[in-house]
Amino acid sequence: MEGFLPARDAIAWSAVAAPFVMAGVRSVERSLAQKPRLKALLGVAIAFTFALSALKLPSVTGSCSHPTGVGLGTILFGPLVMALTSSVVLLFQALLLAHGGITTLGANTFSMGVVGPLITYMVFRLARKGGLGIGPSVFAAAVSGNIATYLTTSLQLALAYPDPTGGIILSLVKFAGIFAVTQVPLAVTEGLLTVMMVNLLLAYSTSEMRTLGLIVGGGKQV
């Protein structure tokens, strides 16, 4: 929503998110230069992010909740690529669907395109190193990334609108508590959908998944 954040916060979050988006540009250029056959798969990841993040539900104080869709692209291409992807998706949604806004683009990019993918990537790698199967690892990563996104959004709102008596901490508890009502089931749904997509790609895009290193010799999943 335009004007939802004070101008100070909108500018600050845009400045914080910008270096990650620029790093995402370089990461996409490097990945596609080295592996041009992955362009179609990147398109799938972008479409998945756009489709899921467009499914919004009304939430608190004019904001909304929705799946983020960043888990698939993060697992395939890494977190930096999703900083660029999320900024593009959020920009198109603001312009075409009145979802989010230009003035909140920096804050939304930081929560959905930076923090969410970083947590997703860390959880996925830790789960695989810990011996979890590909399905449970993808599910845990996608759910964690979704929840991390909305905890960051709650913090951003708490910083913008601290409670008159309890300050930022009490405001954070209030925003996070209200978001949890709608976000937890959405996160679980997103986790299941991401597992389905990864399973489909493992079954029908074996060559590309091997190129990404998600399948190693003999068809074994990493």
Side-chain angles (χ1 to χ4, degrees), residues 1 4-6 8-24 49 52-75 78-91 93-94 99-124 126 140-163 166-191 194:
M1 178 186 298
F4 191 73
L5 288 178
R8 173 203 62 196
D9 295 64
I11 294 171
W13 286 115
S14 296
V16 172
F20 292 96
V21 175
M22 294 306 298
T49 302
L52 261 67
S53 59
L55 302 174
K56 61 180 181 178
L57 295 173
S59 187
V60 294
T61 61
S63 184
C64 64
S65 291
H66 54 81
T68 68
V70 299
L72 179 66
T74 301
I75 290 166
L80 284 179
V81 170
M82 297 315 294
L84 171 62
T85 296
S86 296
S87 68
V88 173
V89 166
L90 289 166
L91 176 61
Q93 289 187 352
H99 182 182
I102 301 300
T103 56
T104 57
L105 185 60
N108 289 335
T109 296
F110 184 77
S111 59
M112 189 176 112
V114 177
V115 177
L118 282 174
I119 297 301
T120 297
Y121 186 78
M122 291 171 57
V123 170
F124 180 72
L126 287 172
V143 171
S144 299
N146 182 301
I147 296 298
T149 295
Y150 275 86
L151 286 176
T152 305
T153 299
S154 298
L155 176 60
Q156 291 169 329
L157 291 171
L159 291 171
Y161 302 104
D163 185 85
I168 292 172
I169 298 299
L170 181 56
S171 182
L172 173 61
V173 171
K174 289 180 177 178
F175 279 120
I178 297 173
F179 265 128
V181 174
T182 51
Q183 202 57 38
V184 170
L186 285 176
V188 172
T189 302
E190 177 171 352
T194 307

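In this text the structure is predicted, and so the values were computed from the model without any measurement. Counting from 1, the numbers follow the sequence of the chain as shown. Side chains included, hydrogens not; waters and symmetry mates left out as well; all remaining heavy atoms used.
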Item to check | Side-chain donor or acceptor of S86 paired with backbone N/O of A83 under 3.5 Å | outcome: no
Checklist entry - Is there a donor-acceptor contact under 3.5 Å from the side chain of E190 to the main chain of G69? => result yes
Checklist entry - Atom CG in L105, atom CD in Q93: separation rounded to 0.5 Å? => result 10.5 Å
Checklist outcome for this item: Closest non-hydrogen contact found for A23 with L80 is CB-CD2, 3.9 Å
Checklist entry - For the residue pair I119 and G145, what are the closest heavy atoms and their distance? => result CG2-N, 4.3 Å
Checklist entry - Mind checking whether V115 and T149 have side chains closer than 4.5 Å, heavy atoms only? => result no
Checklist entry - Between atom OG1 of T153 and atom CG of N108, what is the distance when rounded to the nearest 0.5 Å? => result 6.5 Å
Next on the checklist: For a 4.5 angstrom cut-off between non-hydrogen side-chain atoms, does M112 reach V70?
Outcome noted: yes
Item to check | Test side-chain contact (heavy atoms from CB on, under 4.5 Å) applied to I102 and L91, step by step | outcome: CA-CA 7 Å; I102 301 300; L91 176 61; 3.6 Å; yes
Checklist entry - In Å, rounded to the nearest 0.5 Å, how long is the span from CD of Q183 to CG of L151? => result 9.5 Å
Checklist entry - Would you say S144's side chain and A141's backbone share a donor-acceptor pair under 3.5 angstrom? => result no
Checklist outcome for this item: P117 and G113 have their tightest heavy-atom pair at CG-O, 3.4 Å
Item to check | Straight-line distance of F175 CZ to L157 CG, nearest 0.5 Å | outcome: 4.5 Å
Checklist entry - Taking everything shown except I169 itself, do over 12 heavy atoms lie less than 6.0 Å from its CD1? => result no
Item to check | Spatial distance of atom CD (Q156) from atom CG (L5) [nearest 0.5 Å] | outcome: 7.0 Å
Next on the checklist: Classify the ring geometry of W13 against F110: parallel below 30°, tilted from 30° to 60°, perpendicular beyond 60°.
Outcome noted: tilted
Checklist entry - Can you name the closest pair of heavy atoms from A142 and T194 and give their distance? => result CB-OG1, 3.8 Å
Checklist entry - With no hydrogens and no angle check, is any side-chain donor or acceptor of S171 less than 3.5 Å from a backbone partner on Y161? => result yes
Checklist entry - Which of these, I147, N146, T120, T74, sits in a side-chain contact (heavy atoms from CB on, under 4.5 Å) with T68? => result N146
Checklist entry - Looking at S53 and T49, what are the two nearest heavy atoms and their distance? => result OG-O, 2.6 Å
